[in-house]
Amino acid sequence: MRVLGIDPGLTRCGVGVVEGVAGRPLTMVGVGVVRTPTDADLGDRLVAVERGIEQWLDEHSPGFVAVERVFAQHNVRTVMGTAQASAVAMLCAARRGIPVALHTPSEVKAAVTGSGRADKAQVGAMVTRLLRLDAPPRPADAADALALAICHIWRAPAQNRLQQAVAAHRAPGTRRAAVPSRTPGVPRTPGSSRTPGSSGATGAAGVPGAAGVSSVPGTPRTSKGRTA
């Protein structure tokens, strides 16, 4: 499995390609950053991000693209730029028919370091260790892109099994197993059966249909079968 991880951003868009399968050592194929000038128009910057990602797709031909899911921040301007770059990344992958997966920062941190609250230094250190690199990738956006790719490789098998189970459950003609009805709070006697049309109550001898008949010995009865 070859995955292109993308840490979206307008000024620096981290990209990293990792190859391997879950449970085995992973290999870094490439890592870098797509940069855009801060003084350029927004449209030109988005075009630059698109060209950079397209170049990475042409060069490495990944089977999957993993993009960081945009989350809310206090800085609305930063969120907007990240969301726009993320949309460009997804567009580039979708145009080629490459599956796209979104992972939150907490999911990536937990997958790589074991803690969803790890800082960038911890993520970079674990990426270096997992990919057997000489030094952490710089800048941090590049390390985050590799972490995204690692996260997807490790999470993809479980996600695929879950999606297959959901698809099988929703498939036409699928029937749910019949669950016998049961009155809440009423224990069921093992081996007992109910007679159609009866109320389901049993008498002293456990005979179905004896509803309304007192099972307490010595209790007087009226002519209508009810206790006095």
Side-chain angles (χ1 to χ4, degrees), residues 2-20 26-60 62 64-93 100-154:
R2 176 172 289 194
V3 180
L4 170 62
I6 299 177
D7 182 36
L10 275 180
T11 303
R12 294 186 306 272
C13 181
V15 286
V17 181
V18 177
E19 191 170 46
L26 305 177
T27 302
M28 185 190 74
V29 179
V31 65
V33 174
V34 177
R35 301 178 183 270
T36 65
T38 57
D39 57 348
D41 292 336
L42 175 60
D44 295 334
R45 300 181 72 182
L46 292 176
V47 170
V49 171
E50 179 193 20
R51 289 174 179 172
I53 294 176
E54 289 286 356
Q55 183 177 353
W56 277 81
L57 293 173
D58 288 337
E59 183 176 352
H60 298 287
F64 300 88
V65 171
V67 183
E68 182 179 285
R69 185 186 296 274
V70 180
F71 63 99
Q73 289 180 337
H74 297 294
N75 192 333
V76 178
R77 183 177 180 180
T78 301
V79 171
M80 289 299 297
T82 303
Q84 290 162 344
S86 176
V88 170
M90 290 187 286
L91 173 64
C92 292
V100 178
L102 301 177
H103 301 286
T104 65
S106 297
E107 291 174 344
V108 176
K109 294 175 182 179
V112 175
T113 70
S115 172
R117 297 183 177 181
D119 56 23
K120 287 187 175 295
Q122 292 173 313
V123 172
M126 286 304 301
V127 166
T128 302
R129 179 179 178 182
L130 292 171
L131 299 178
R132 304 177 301 282
L133 305 177
D134 296 332
R138 299 295 180 189
D141 308 85
D144 290 343
L146 291 175
L148 275 159
I150 294 172
C151 173
H152 184 72
I153 291 175
W154 284 353

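Because only heavy atoms are used, hydrogens play no part in the values below, and waters and symmetry mates are left out as well, while side chains stay in. Quick caveat: nothing in here was measured; it's all calculated off a predicted structure.
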- Query: Do Thr36 and Arg12 have a side chain donor and acceptor closer than 3.5 Å?
  - Reply: no

- Phe64 vs Val100 side-chain heavy atoms within contact, under 4.5 Å: no

- Message: Please report the interatomic distance CG(Leu146) to CG(Asp141), rounded to the nearest 0.5 Å.
- Response: 11.5 Å

- Leu4 CG to Leu57 CG distance, which is reported to the nearest 0.5 Å: 5.5 Å

- Worked check of side-chain contact (heavy atoms from CB on, under 4.5 Å) between His152 and Val18: CA-CA 10 Å; His152 184 72; Val18 177; over 6 Å; no

- Worked check of side-chain contact (heavy atoms from CB on, under 4.5 Å) between Val49 and Val47: CA-CA 5 Å; Val49 171; Val47 170; over 6 Å; no

- Query: Hey, does Glu68 have a side-chain heavy atom less than 4.5 Å from the side chain of His103?
  - Reply: no

- Query: Less than 4.5 Å apart, any side-chain heavy atom of Leu10 and any of Leu42?
  - Reply: yes

- Thr82 side chain to Thr78 main-chain N or O, any donor-acceptor pair under 3.5 Å? yes

- Task: Would you mind reporting whether Cys151 and Val108 have side-chain heavy atoms less than 4.5 Å apart?
- Result: yes

- Once you round to the nearest 0.5 Å, how far does CH2 of Trp56 lie from CD1 of Ile6? 10.0 Å

- List the steps and the verdict of side-chain contact (heavy atoms from CB on, under 4.5 Å) for Ser115 and Lys109. CA-CA 6 Å; Ser115 172; Lys109 294 175 182 179; over 6 Å; no

- Message: If you count heavy atoms of other groups shown closer than 6.0 angstrom to CZ of Arg117, is the number above 12?
- Response: no

- Query: Taking it one step at a time, do Thr11 and Arg45 satisfy side chain to side chain donor-acceptor pair (under 3.5 Å)?
  - Reply: CA-CA 8 Å; Thr11 303; Arg45 300 181 72 182; 3.1 Å; yes

- Item | Partners passing salt bridge (Lys or Arg N to Asp or Glu O under 4.0 Å) against Arg2 (at least two apart in sequence or in another chain) | Glu19

For residues 118-127, tabulate all N or O donor-acceptor pairs below 3.5 Å that involve a side-chain atom, not counting sequence neighbours.
unit_1: Asp119; atom_1: OD1; unit_2: Ala121; atom_2: N; d: 3.3
unit_1: Asp119; atom_1: OD1; unit_2: Gln122; atom_2: N; d: 2.8
unit_1: Lys120; atom_1: NZ; unit_2: Asp144; atom_2: OD2; d: 2.6
unit_1: Gln122; atom_1: OE1; unit_2: Asp119; atom_2: N; d: 3.0

- Query: Do the side chains of Leu102 and Met90 get nearer than 4.5 Å, heavy atoms only?
  - Reply: yes

- Query: So do the side chains of Val33 and Pro139 get within less than 4.5 Å of each other, counting heavy atoms only?
  - Reply: yes

- Task: Could you walk me through whether Val79 and Val70 pass the side-chain contact (heavy atoms from CB on, under 4.5 Å) test, one step at a time?
- Result: CA-CA 7 Å; Val79 171; Val70 180; 4.0 Å; yes

- Could you state the interatomic distance from CG (Asp58) to CZ (Arg51), rounded to the nearest 0.5 Å? 13.5 Å

- Query: For Gln55, does the CD atom sit with more than 12 other heavy atoms under 6.0 Å from it, leaving out its own atoms?
  - Reply: no

- Task: Evaluate the side-chain proximity of Cys13 to Asp7: yes if any heavy-atom separation is below 4.5 Å, no if none is.
- Result: no

- Inter-residue atom distance Leu130.CG - Ile150.CD1, 0.5 Å rounding: 5.0 Å

- Query: Can you check whether Val31 reaches Val15 side chain to side chain, under 4.5 Å on heavy atoms?
  - Reply: no

